[in-house]
Amino acid sequence: MSELGAGGIASSLAASAGQPEGTAEALPPAAAGPSQREAVAVVDFGSQYSQLIARRVRECHVYCELVPCDADWQTVRALAPRGLILSGGPASIYEPGAPMVPDWVFSSGLPVLGICYGMQGMAHQLGGKVVPAGRREYGRAELVVDQPTAPLFAGLPSHFPVWMSHGDHVAELPAGFEAIAHTDNAPVAVMARGQVVGLQFHPEVVHTPNGRAIIDNFLRRYCGCQGAWTAESFIAQSVREIRATVGDGKVICALSGGVDSAVAATLVHRAIGDQLTCVFVDNGVLRRGEAESTLDTFRRHLQLRLVYVDATERFLAKLEGIVDPEEKRHRIGNEFIRVFEEEARRLGRIDFLAQGTLYPDVIESTTKDTKSAARIKTHHNVGGLPEDLRFSLVEPLKYLFKDEVRAVGLELGLPEAMVYRQPFPGPGLAIRIIGSVTRERLETLRACDAIVHEEIRAADYYRKVWQSFAILTPLRSVGVMGDGRTYADVVALRVVTSEDGMTADWARLPYDLLARISNRIVNEVPGVNRVVYDVSSKPPATIEWE
């Protein structure tokens, strides 16, 4: 095994000492051209750190996408990548059935960075030897640089801490490779041959302090990237792509009040103007005062064509008696589309539906189609759409992480209050009520949620945490109020910190703040006599309870 989840790469390279053979047409590093974005492909073999690799590359202002380990060269070549990064995964390279690095990885002629099992894949398939380590290595290690003149280590000290997570190591190097760094437990901690580099440690995690500098050195000194992918360049390219896709078509966009849909709508509007009509649907499961504040904000700041639809009765009827969270999501997703179709008929010709789908939505919802990961849950933006959808989708943000969306929003001139609004799920409070959704339970949760946000804002924690909200559980507990026995609802409080929602940790809020939230909920919300705090991280839990 080669990382915490192991560390898997896939490599069906030619096991030769010279330039490996292959079938991929070579793509020189400059092929993307100055008018196109610089790109790198991250070949994903199921590592728990794959998304982190993508984030670190983008932090260096180089665009990248995750591609599955079984992707064909034509698919990858369409990105015009200037380099390839091989992620980890859950296998040992010498085991039967272990995934192999595709032939095109090295025959493409592109620079390659193999991380953890990626390095082991290169060693194994190019004629070296990978064996189980005598001592597994998980956690901090001290890297000693043996070749400080190597481009990978430009500007870095001669030794520094790195994060290891492996049970296998390279015992014999392939012909032409040399070890350029080591640790006490890994004689070959970094190996290189020309533009092909392998790292036994993980540069993408925060526990490797110089990891981002290593990735940046690979991007700039091996791949020739200049780091020109910014919010401004993304907007310019997206506007061109939206215009090319839509042509003279008409677009309808669902506005939810969140930053994702707001940025998507503003971006589409910049591209095609009044060919876009936005629709705000009150689905009956919004937070207190949300419909009014959202309409006011959009009309004052975005100045878009906006239609308001109060569909509360329809949605609550669809949710009546439904307790399964996936069924809630699908019913809400389907009903949204039905509402849009009706509005489209009223509006006349509508050809496209614009959505604020983000990259984490795509990753989590599509892993069910990969060999290396299992689907966790369906995101309403991605998996809740009916098969007979009559619109074509326009999803300009589908390859962005949340922090990137916020940067684009600021660049587009959206107000900070909108840009930094905490994420709110499309199915709304329906998936924060565990069990059936009723008007009474919605009002209870709305009152609790309002208290949570008032106190979080008052304590200046709103921008410091990723999300903060209440959950109405199906539990009831015995309590005492006014010298009398109560048997009332249990409310859970969920506050997490995160960078992009892919992973999260529970927020260590001050006890006084927790006490104020609890006291206010119990005293101000009828039918609630107990508040509990969720101290689960993601993974193993998810941020939302449903």
With side chain to side chain contact (heavy atoms under 4.5 Å, CB included) as the criterion, how do V67 and V42 come out once you've worked through the C-alpha distance, each side chain's angles and the decisive distance to 0.1 Å?
CA-CA 6 Å; V67 297; V42 178; over 6 Å; no

Does the distance from a Lys or Arg side-chain N to an Asp or Glu carboxylate O, for [X] and [Y], drop under 4.0 Å?
X    : Y    : value
R331 : E327 : yes
R338 : E335 : no
E65  : R58  : no
R457 : D460 : no
D260 : K402 : yes
K538 : D505 : no
E204 : R56  : no

Could you measure the distance from the [atom1] atom of [X] to the [atom2] atom of [Y]? Nearest 0.5 Å is fine.
X    : Y    : atom1 : atom2 : result
L304 : L306 : CG    : CG    : 7.5 Å
W506 : L493 : CH2   : CG    : 11.5 Å
T230 : E404 : OG1   : CD    : 11.5 Å
E395 : L353 : CD    : CG    : 8.0 Å
R287 : L442 : CZ    : CG    : 13.5 Å
D512 : E455 : CG    : CD    : 11.5 Å

Taking it one step at a time, do D324 and R329 satisfy salt bridge (Lys or Arg N to Asp or Glu O under 4.0 Å)?
CA-CA 9 Å; D324 179 76; R329 290 174 181 273; over 6 Å; no

Strictly distance-based, threshold 3.5 Å: is any side-chain N or O of [X] a donor or acceptor partner for the main-chain N or O of [Y]?
X    : Y    : answer
Q355 : L393 : no
T208 : G211 : no
E343 : V307 : no
T75  : A71  : no

Would R494 count as a cation-pi partner of W466, with NZ or CZ less than 6.0 Å from the six-membered ring centre and within 45° of the ring normal?
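Ring-cation test returns no.
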
Taking atom NZ as the centre, does K318 end up with more than 12 heavy-atom neighbours from other residues, nucleotides or ligands that are less than 6.0 angstrom away?
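Count not over threshold, so no.
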
Should we say atom CD of E241 is surrounded by more than 12 heavy atoms from elsewhere, each under 6.0 Å from it?
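Yes, the 6.0 Å shell around CD holds more than 12 heavy atoms from other groups.
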
Report yes or no: do S468 and Q422 form a side-chain donor-acceptor pair below 3.5 Å?
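Result is yes, a qualifying pair exists.
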
Just by distance, no angles: are the side chains of N529 and T486 close enough, under 3.5 Å, to form a donor-acceptor pair?
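The criterion, which ignores hydrogens and geometry beyond distance, is satisfied for T486 and N529.
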
If you apply the rule side chain to side chain contact (heavy atoms under 4.5 Å, CB included), what do you find for V263 with L414, and how did you get there?
CA-CA 8 Å; V263 173; L414 296 178; 3.7 Å; yes

Side-chain contact, heavy-atom cut-off 4.5 Å: [X] with [Y]?
X    : Y    : answer
L84  : V40  : no
C60  : R212 : yes
P325 : W545 : no
I235 : E411 : yes
V495 : Y533 : yes
I350 : F352 : no
L429 : L286 : no
I115 : Y49  : no

Return the minimal non-hydrogen interatomic distance between [X] and [Y], and the atom names on each side.
X    : Y    : answer
G426 : I332 : O-CG2, 4.4 Å
V496 : A504 : CB-CB, 4.2 Å
G46  : S87  : N-OG, 4.3 Å
V309 : V339 : CG1-CG1, 4.0 Å
P539 : T503 : CD-CG2, 4.3 Å
V419 : G409 : CG2-C, 4.0 Å

Relative to the ring of W229, is the ring of F234 parallel (under 30°), tilted (30 to 60°) or perpendicular (over 60°)?
perpendicular

Passes ring pair (Phe, Tyr, Trp, His ring centres under 6.0 Å), Y462 versus Y420? Steps please.
CA-CA 9 Å; Y462 188 81; Y420 287 102; 9.6 Å; no

Given [X], which of [options] fulfils the side-chain contact (heavy atoms from CB on, under 4.5 Å) condition?
X    : options                : answer
I434 : V490, L475, I471       : I471
I85  : V43, D44, V57          : V57
I433 : L319, V285, T444, L445 : L445

Mind checking side chain to side chain contact (heavy atoms under 4.5 Å, CB included) for Q275 and listing every partner two or more places apart, or none if nothing turns up?
V246, K250, I272

Taking only residues two or more places apart in sequence or in another chain, which ones pass ring pair (Phe, Tyr, Trp, His ring centres under 6.0 Å) with Y399?
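By the ring pair (Phe, Tyr, Trp, His ring centres under 6.0 Å) rule, Y399 matches Y359.
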
Give the C-alpha distance, both sets of side-chain angles, the deciding distance and a yes or no for salt bridge (Lys or Arg N to Asp or Glu O under 4.0 Å) between E416 and R463.
CA-CA 11 Å; E416 284 197 16; R463 292 271 296 271; 3.7 Å; yes

As a quick check of understanding, evaluate salt bridge (Lys or Arg N to Asp or Glu O under 4.0 Å) for D489 and R530, giving each step before the final call.
CA-CA 7 Å; D489 290 325; R530 191 178 300 269; over 6 Å; no

Between S293 and D296, is the side-chain hydrogen bond (donor to acceptor under 3.5 Å, both in side chains) condition met? List the steps.
CA-CA 5 Å; S293 64; D296 179 65; over 6 Å; no

L316/E320 under side chain to side chain contact (heavy atoms under 4.5 Å, CB included): CA gap, chis, key distance, verdict
CA-CA 6 Å; L316 293 185; E320 185 175 358; over 6 Å; no

Residue pairs fulfilling salt bridge (charged side-chain N to carboxylate O under 4.0 Å, His left out) with at least one residue in residues 426-439, sequence neighbours excluded
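Qualifying pairs: E313-R439, R432-E544.
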
Please assess V522 against V531 for the test side chain to side chain contact (heavy atoms under 4.5 Å, CB included), listing each intermediate value before the final yes or no.
CA-CA 7 Å; V522 170; V531 176; 4.1 Å; yes

